Protein chains: 2
Amino acid sequence: MELFYSKTVSDGGRVLDAEESGHCVKVLRHRRGDTIHVVDGHGMLYDCTITDADPRAVAFEVNRWVENYGSHDYWLEMAVCPPKNIDRFEWFSEKATEIGVDRISPLFGDYSERKVFKPERIERLLVSAAKQSHKGAIPELAPATTVKEFLQQNREGLKLICYCDEATGKTDIKEVLSQVPAQSKITIMIGPEGDFSRAEVALAIERGWQPVSLGDSRLRIETAAIVAAAAVYLHFSH
Amino acid sequence: MELFYSKTVSDGGRVLDAEESGHCVKVLRHRRGDTIHVVDGHGMLYDCTITDADPRAVAFEVNRWVENYGSHDYWLEMAVCPPKNIDRFEWFSEKATEIGVDRISPLFGDYSERKVFKPERIERLLVSAAKQSHKGAIPELAPATTVKEFLQQNREGLKLICYCDEATGKTDIKEVLSQVPAQSKITIMIGPEGDFSRAEVALAIERGWQPVSLGDSRLRIETAAIVAAAAVYLHFSH
């Protein structure tokens with residue numbers, strides 16, 4: 001069951017955009033009368049019938065809908081310093097979406113090798129990953145910012161910072177998560193290739209972030225991010 | 001600290017191969033008298049001093065060594081049906097190595113889209129991923145085989161099969177792992193795009209494999225494989 005994405009359906013829109021329409025009619029060969037399923041990117045899934053199979057503007061009527069399609073029992077923001085090789089951040093974004101993430105926040109750390117971030121490719125990828133993995137909600141992509149600026153933002157919920165340096169005490173992420181109830185809001189920060197700087201870690205702790213360990217393996221940025229997201233996902237799965 | 005790989009060092013070999021030597025001398029600019037660290041692919045890490053910085057055949061003497069460098073407290077085999085897009089299997093192989101895996105076994109399922117597997121690229125990737133993530137042991141890459149043939153092999157330890165079909169009872173992977181002590185041997189099977197066939201699941205259960213669930217998200221092959229590997233890794237981390 002392939003999903004279509006519409007920004008307007010929940011506001012009454014009943015026409016797919018050009019890209020979705022082309023895919024619907026020319027690739028998948030849908031015709032008038034076919035059932036299609038449309039998500040709004042915020043959790044709603046609509047069961048629809050095509051009324052006009054125009055390859056540039058498929059029109060449909062809505063039969064019924066469900067809320068929170070493909071949703072999960074927590075709210076998770078992954079704040080990750082994109083590595084130099086942006087493909088790796090793309091892999092992370094796709095896999096985080098499949099697993100279940102609510103917001104992805106690209107950060108520049110003191111020791112980041114990458115100092116620029118172009119959101120367009122990641123935004124398109126998040127849409128296709130959400131559709132492919134049957135999530136009604138597409139993860140938000142926050143504007144890229146520095147670690148220090150991110151730490152100055154007011155933020156509720158559990159705030160975890162993962163870094164490699166041995167000197168500061170860290171708790172295993174499983175232990176921290178074991179105390180966390182369903183519906184919790186969790187944000188996890190993952191540092192750059194060179195790790196977070198001491199100033200960044202000190203500021204994080206001052207701002208209420210808890211240092212956590214992801215175990216003994218030496219993980220790349222995108223691997224650490226997926227292991228952390230998987231830890232949250234697995235904790236809440238049953 | 002960049003690692004060098006030598007197949008022969010544990011048998012008394014004291015010369016790096018041409019590829020490692022070129023990287024050592026021409027890229028990293030090592031010279032006679034420099035300290036380098038060499039792994040044998042089976043867990044040994046050697047602290048060495050360069051005696052001849054020949055860019056085609058670096059010679060060294062061994063100062064001291066450690067066993068089980070970068071090792072983990074379990075033995076894990078991931079038996080995974082490579083997806084049609086082999087990049088995704090490469091991505092999985094790299095990330096599984098970083099996290100900690102002992103053997104990767106490519107399988108062809110009844111519903112696999114991919115029916116051929118060329119090991120050479122994955123073998124090279126496993127070596128570089130092990131070096132990059134500071135593991136003295138390089139994961140084994142088993143010869144590719146069919147799911148049915150794999151299930152006929154005699155296999156000790158905990159055997160888990162992950163699949164999507166709702167009909168058969170499955171236990172959450174965390175519950176199964178919670179019973180598992182350190183040093184355990186674990187094998188996890190991940191099915192192809194079309195999932196395992198009923199015949200494959202029935203044979204697996206008959207052969208002592210336990211059906212497990214990886215939660216409610218709809219995960220691609222390589223994502224499911226990494227989430228499963230992460231579940232094992234996180235269970236044993238402390």
Side-chain angles (χ1 to χ4, degrees), chain A residues 1 3 68-74 85 87-88 90-101 128-135 164 170-178 193 212-238, chain B residues 1 3 68-74 85 87-88 90-101 128-135 164 170-178 193 212-238:
Chain A
M1 183 179 98
L3 299 183
N68 297 321
Y69 183 67
S71 69
H72 43 264
D73 216 14
Y74 54 85
N85 180 338
D87 287 354
R88 296 178 174 280
E90 291 183 7
W91 278 114
F92 154 68
S93 298
E94 180 187 90
K95 271 77 195 72
T97 302
E98 292 173 53
I99 288 168
V101 70
S128 58
K131 284 162 57 182
Q132 183 274 333
S133 60
H134 279 249
K135 311 274 192 209
C164 304
K170 287 179 286 186
T171 314
D172 186 80
I173 194 172
K174 289 192 326 284
E175 254 188 75
V176 172
L177 290 176
S178 66
E193 292 91 339
V212 289
S213 164
L214 294 175
D216 293 334
S217 283
R218 199 183 272 231
L219 305 173
R220 287 177 180 271
I221 294 168
E222 72 279 9
T223 315
I226 287 303
V227 169
V232 173
Y233 167 73
L234 288 164
H235 172 69
F236 287 96
S237 71
H238 39 78
Chain B
M1 184 179 95
L3 300 183
N68 298 323
Y69 183 67
S71 67
H72 42 264
D73 217 13
Y74 54 86
N85 179 338
D87 286 355
R88 295 177 175 280
E90 290 182 8
W91 182 89
F92 152 69
S93 299
E94 180 187 89
K95 269 75 193 76
T97 301
E98 291 173 52
I99 289 167
V101 70
S128 57
K131 284 161 58 182
Q132 182 274 333
S133 60
H134 280 248
K135 311 275 191 207
C164 305
K170 286 179 286 186
T171 315
D172 185 78
I173 193 171
K174 289 192 326 286
E175 252 186 77
V176 172
L177 290 176
S178 67
E193 291 91 339
V212 288
S213 163
L214 294 174
D216 293 333
S217 283
R218 201 182 271 231
L219 305 173
R220 287 178 181 270
I221 294 169
E222 72 278 10
T223 316
I226 285 304
V227 169
V232 173
Y233 167 72
L234 288 164
H235 172 69
F236 287 97
S237 72
H238 39 78

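Labels below follow one simple rule: chain letters A, B, ... track the order of the sequence lines, proteins then strands, and each chain is numbered from 1. Since the structure is predicted, the reported quantities are computational estimates derived from the model, not experimental observations.
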- Query: Does the pair Lys174(B) and His235(A) meet the rule for a side-chain contact (heavy atoms from CB on, under 4.5 Å), with working shown?
  - Reply: CA-CA 8 Å; Lys174(B) 289 192 326 286; His235(A) 172 69; 5.5 Å; no

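- Between Glu94(A) and Arg88(B), the shortest heavy-atom distance links the atoms OE1-NH1, 2.8 Å.
- With a 4.5 angstrom heavy-atom cutoff, Ser213(B) does not touch chain A via any of its atoms.
- In terms of heavy-atom pairs under 4.5 angstrom with chain B, the leader among Val227(A), Ile173(A), Thr171(A) is Val227(A).
- With hydrogens and angles ignored, the 3.5 Å screen pairs a side-chain donor or acceptor of Tyr233(A) with a backbone N or O of Ser217(B).
- Looking only at side-chain heavy atoms (C-beta outward), Trp91(A) and Glu222(B) come within less than 4.5 Å of each other.
- If you check the side chains of Ser237(B) and Asp216(A), you find no donor sitting under 3.5 Å from an acceptor.
- Checking Ile226(B), Thr223(B), Leu219(B) one by one against Lys95(A), the side chain to side chain contact (heavy atoms under 4.5 Å, CB included) holds for a single residue, Thr223(B).
- Looking at Arg218(A) and Glu98(B), no side-chain N of the basic residue comes within less than 4.0 Å of a carboxylate O on the acidic one, giving no salt bridge.
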